[in-house]
Amino acid sequence: MALENILILAAASLLWAATFRNHGRTWFMLIASVVVIFWLQPALPIRGADFFTPIATLVLIVLTWFITADDATRKQRKNIIILTIVTGVVLLLNLTRFLPTDFQLLTASRPPQLETTLIIFLITGLTLLAFSRLTRFSASFLTFGLVLTIGLFLLIKIPALSLWLASFLRTLSGQSLTNVSINDFRWLGFSYVAFRLIHTIRDKQSGRFPSVDVGEFITYVIFFPAFTAGPIDRLERFIKDLRAPFSGLNLETFYSAGQRLLLGLFKKFVIADALALIALNDSNATQVTSTFWMWVIVYAYAFQIYFDFSGYTDIALAIAQLLGIKLPENFASPYLKPNLTQFWNNWHMTLTQWFRAYFFNPVTRWLRSWQKPMSIPMMILLTQVATMLLIGFWHGVTWNFTLWGLWHGLGLFIHNRWNDATKAKAAAWAITPARQAALNISGILLTFHFVAIGWIFFALSSPVTSWQVILRLFGVN
């Protein structure tokens, strides 16, 4: 989000909480979230794409809610009222196409023809009606919803598929394929939306899905403070805050949220943006020739990405706090942790917890259930490497993110084995505060540099360039 977006959202949240308190708070969060996913979309070369991607997000969310909600909740009349209001908000946004260009402030480009939007809503309504007649096949619906969400995720994360999708959409909209690119189509926030949808479908399959109406579900998935950069909250926790009475802002909450907001703005727009001027990227990776300056730009990138992510988290937590929602923490001084396991327990914590709950633990249980289970070290190696590869793929299915995931997966495995082999000896050696401090500081320095070198794969698009940078860090030209 740009600075002006953040300030407007923070001011609107503050004004609502101070003026109306609990009156209409859930409606405010729902409608604001719907408007914001249109407002934040970047302008795209494909005609109408920046308007249709948020509509696709809403359609996917509503369909997911429909297949996960229980019969009693699904049949509640208020769901029809909520869907009618959400539809009305989208149609009002669509109608801004008739305003002069200077007044079209809520969409990235001129909205498309109204007829197209109405056809999408009609198809969605007919799909819901068809689903309602086939509820006895709900288990199959859940599997279909899971496959569909993962399929869409892969479609926008694998470059070859993204290029095919861009070509298809350009053809559909009657545009030339001359300058088609994988960057033609971007679906803002879909990574976080997909994770929340997968989380709810899996919870439904395991019987842990709470009863929520469609408005609560939409608000949870696209809650505007956390829409673009997380954190990834859990539905059952979010609902508790959403349903709790909100007495409005008091001075303590106001100061706490205000301090957190200012801290986040300082991290993102002062520190991270300043570091971005000298941080590692494809351009300066080939221009810097000295070992010293190569370390400088790698360090700059390591701190830039931290202050960028954690700054956005502070901003999201602060705006949510103004509305009485306590989003989970996402960063806890990860660069001050003495080993890689603790680093990942404190870096993008909600993402790590998501993968632990929905991939690492189930796969580990499955491997242990084998009639002839493999050795423990082999099991740890497989699960940790697979988990970190998936976290890499979450950022993009490319070679650089594959290498980054592999780097951390192998690092976690090596730390696990090293810790098992040396834990007793290290405890016996570190019997004085000085030795404990020496052990801790050496662990912090080693872990930080391991992570910093891993960021090279993350920052650069070419594995060859990444390898050249690593060689230069150690004086090899």
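Note that the numbering runs from 1 along the sequence shown for the chain.
For the pair K326 and D241, the salt-bridge criterion is not met [side-chain N within less than 4.0 Å of a carboxylate O]. Under 4.0 Å is where a charged nitrogen must lie from a carboxylate oxygen, and between D71 and K75 no such pair does. Ion pair R74/D70 not flagged as a salt bridge, since none of the NZ, NE, NH1 or NH2 atoms sits closer than 4.0 Å to an Asp/Glu carboxylate oxygen. Salt-bridge formation is not detected for the pair E236/R208: no Lys NZ or Arg NE/NH1/NH2 atom is positioned less than 4.0 Å from an Asp or Glu carboxylate oxygen.
Defined by atom type and a distance below 3.5 Å, a donor-acceptor pair is missing between the side-chain atoms of N400 and S461.
A donor-acceptor pair is defined here as one N or O able to donate and one able to accept, closer than 3.5 Å; no such pair exists between the side chain of D273 and the backbone of V270. Between the N5 side chain and the L40 main chain, no donor and acceptor come within less than 3.5 Å of each other.
Taking the six-membered ring where tryptophan is involved, the planes of F168 and W164 are essentially parallel, since the angle between them stays under 30° and well short of 60°.
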(request) Would you please test T200 and D203 for side chain to side chain donor-acceptor pair (under 3.5 Å) and show each step? (result) CA-CA 5 Å; T200 53; D203 279 3; over 6 Å; no

Worked verdict on I305 versus F458 for side-chain contact (heavy atoms from CB on, under 4.5 Å) = CA-CA 10 Å; I305 196 170; F458 194 93; 3.6 Å; yes

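Screening N281, N284, L275, I456 against I297 for a side chain to side chain contact (heavy atoms under 4.5 Å, CB included) leaves a single residue, N284. F448 pairs in a ring pair (Phe, Tyr, Trp, His ring centres under 6.0 Å) with only one of the listed residues (W347, Y306, F343, F303), which is F303.
Listed by first then second residue, pairs satisfying side chain to side chain donor-acceptor pair (under 3.5 Å) with a partner in residues 327-341 read R260-E329, N330-T350, Y335-W455, T341-H415, not counting sequence neighbours.
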